[in-house]
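Here is the structure we will look at.
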Amino acid sequence: MTAAPVRDTVLVTTIEELRTRRAALPGTVAVVMTMGALHAGHLALVARAREVADHVILTDFVNPLQFGPGEDFTAYPRDLEADLAAVDGQVDLVLAPSTEEMYPVLPPTVSVSAGAAGRVLEGAARPGHFDGVVTVVTKLLQITAPDVAVFGQKDAQQLAILRRLVADLNLPVRIEAVPIQREGTGLARSSRNAYLSTDGRAQALALSRAIAAAELAAPSLGAVQAALETARQDSAVAWDYALAVDPVTLAPVGPEHRGETLVVLAGYVEGTRLLDAAVVSVTAA
Ligand code: PAF
C-alpha cells in the first residue's frame, strides 16, 4: 500500500472525543504511541504507519506509571506545539490527554503486569517500568482501537513485551516493528540524546560501535559474545549490560543457541541511560 495523501491533523485531549472521531474514520487505522519530544525516529514510525493503514492516530502522553522514583518524569522534555508542527498533515488525530484524563486515580486500582520479561534487563534497572508501559499501552489500544500499532525496534525489550501483551491478552491488533533510526554518526535516535553534551554524544557512539561489531561478528555466537565483551571494556560508557539474548524470553542465550538473537546494550553517558539493540542471525558456535 502506498502512503496516504496528506491530511488535516486534529488535536484531541479527551478520550471521549478521540473515540467519536476514531469511529468516524473509514478504512484501517494505525496508532503510533509516543511520549512526545518527537524526533526523526518517531517520524519514521509515522511514515510506516501511513504505509500500512488508511489513517494514523499519534498519541502524545508522558506516562507517569513507567517512571520510577528519582527518574526524569518531571524533567522529561514536553513541547506539544513542536510535536504538532512535526506531524502536521502526516497524521489524522493527535491524542494528547492530561494525566488526570488518563488516570483519574493514580496509581490505578487495576493495572497490567509485564510478567518475568519485565523484570530483566531494563526492568531490573527500572523496577515497575514495563508494568507501567503495558498498562498505558493496553489503555491506549482500548481508546484508539487500531488495526495496527507501530513501535520502534530501538526499545527492543519493550517491543518483545508488547508482542507478548497482544498475544497473551488476545488483543485484536497487529504489531508492526520499525528498524532503529540512526544519526549520520551511528547514534541511535532517542529523545534522551537531548540531555547529552557534544562530548557526551561522541562518547555515546561506543554503543553503536558495539552494535556494528556484534553484527560483523555474526553468524558466530562466540564471536558476537566476544565483540560484546570487548565493547564493555570501553570506559566512555558506564555499562549496565551488553548481552546476546533470546528474542522472546529475553534470557541470555546459551552456547547451543542458534537462530534469531537479540543483541541488547544499556549504559550511562553523562548520567543519561542510553540503549541500543540489533537482531542478528546466529548459525555457528
Ligand atoms: O516507547 C515509548 O515512548 C513509551 O514507552 C510508550 C510506548 C509511548 C508508552 O508510554
Side-chain angles (χ1 to χ4, degrees), residues 12 15 18 30-46 48-49 56-68 71-80 82-83 86-87 91 93-99 101-103 106-108 111-114 117-118 121-123 125-144 146 148-166 169 171 173-181 188-195 250 264 266 272-277:
V12 176
I15 294 167
L18 190 284
V31 67
V32 176
M33 297 182 191
T34 79
M35 297 205 300
L38 301 184
H39 52 67
H42 296 113
L43 299 185
L45 303 184
V46 168
R48 186 70 189 135
V56 179
I57 303 175
L58 180 119
T59 69
D60 188 319
F61 176 66
V62 184
N63 173 35
L65 276 196
Q66 66 190 79
F67 290 80
E71 290 191 347
D72 57 348
F73 173 65
T74 339
Y76 198 84
R78 291 168 174 83
D79 189 345
L80 183 57
D83 292 345
V87 295
V91 306
L93 302 173
V94 173
L95 173 66
S98 65
T99 305
E101 177 73 6
M102 283 296 282
Y103 298 113
L106 189 64
S111 58
V112 184
S113 163
L121 305 173
E122 284 313 282
R126 307 180 65 191
H129 169 72
F130 287 111
D131 294 342
V133 171
V134 293
T135 298
V136 81
V137 168
T138 305
K139 283 168 72 73
L140 290 171
L141 288 174
Q142 293 300 319
I143 294 164
T144 59
V148 186
V150 182
F151 294 98
Q153 282 173 348
K154 177 172 157 290
D155 295 314
Q157 184 175 5
Q158 170 171 285
L159 179 62
I161 289 172
L162 293 179
R163 287 191 196 284
R164 290 268 27 114
L165 171 76
V166 165
L169 299 190
L171 302 180
V173 64
R174 179 170 74 76
I175 291 206
E176 174 79 16
V178 173
I180 294 181
Q181 303 297 304
R189 291 192 192 273
S190 162
S191 305
R192 293 209 161 106
N193 293 348
Y195 298 143
L250 303 170
V264 282
T272 293
R273 189 173 180 86
L274 300 176
L275 308 181
D276 210 330

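Bear in mind the structure is a predicted one, so any value in this text is a computation, not a measurement. As a basis for the values below, the full set of heavy atoms in this structure was taken, side chains included, without hydrogen atoms, waters or symmetry mates. Just follow the structure's listing: the first ligand is 1, and inside any ligand the first atom is 1.
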Check: With sequence neighbours left out, what residues match Leu162 under side chain to side chain contact (heavy atoms under 4.5 Å, CB included)?
Finding: Val133, Val134, Val137, Phe151, Gln158, Leu165, Ile175
Next item on the list: Consider every N or O of Gln66 and every N or O of ligand 1, then say whether any pair is closer than 3.5 Å.
Entry: yes
Notebook entry, point to check: Taking non-hydrogen atoms only, is Thr34 closer than 4.0 angstrom to ligand 1 via side chain, backbone, both or neither?
Noted result: backbone
Notebook entry, point to check: Which residue owns the protein heavy atom closest to atom 3 (O) of ligand 1, what's the atom, and how far is it?
Noted result: Met35 CG, 3.8 Å
Next item on the list: Using the side chain to side chain contact (heavy atoms under 4.5 Å, CB included) rule, take Met35 and Ser191 through it: C-alpha gap first, then chi angles, then the decisive distance, then the call.
Entry: CA-CA 9 Å; Met35 297 205 300; Ser191 305; over 6 Å; no
Next item on the list: Quick one: pull up CE in Met33 and CG in Leu58 and give me the separation to the nearest 0.5 Å.
Entry: 10.5 Å
Note to self: Within ligand 1, which atoms have a heavy atom of Met33 less than 4.0 Å away?
What the structure shows: 8 (C)
Notebook entry, point to check: Residues in ring-ring contact (aromatic ring centres under 6.0 Å, His included) with Phe67, at least two apart?
Noted result: Phe73, Tyr76
Next item on the list: Under 4.0 Å from a heavy atom of Val136: give me the atoms of ligand 1 that qualify, with their elements.
Entry: 9 (C), 10 (O)
Notebook entry, point to check: CD1/Ile180 to CG/Asp276 distance, rounded to the nearest 0.5 angstrom?
Noted result: 5.0 Å
Note to self: Regarding ligand 1, does Gln158 bring an N or O atom to under 3.5 Å of one of the ligand's N or O atoms?
What the structure shows: yes
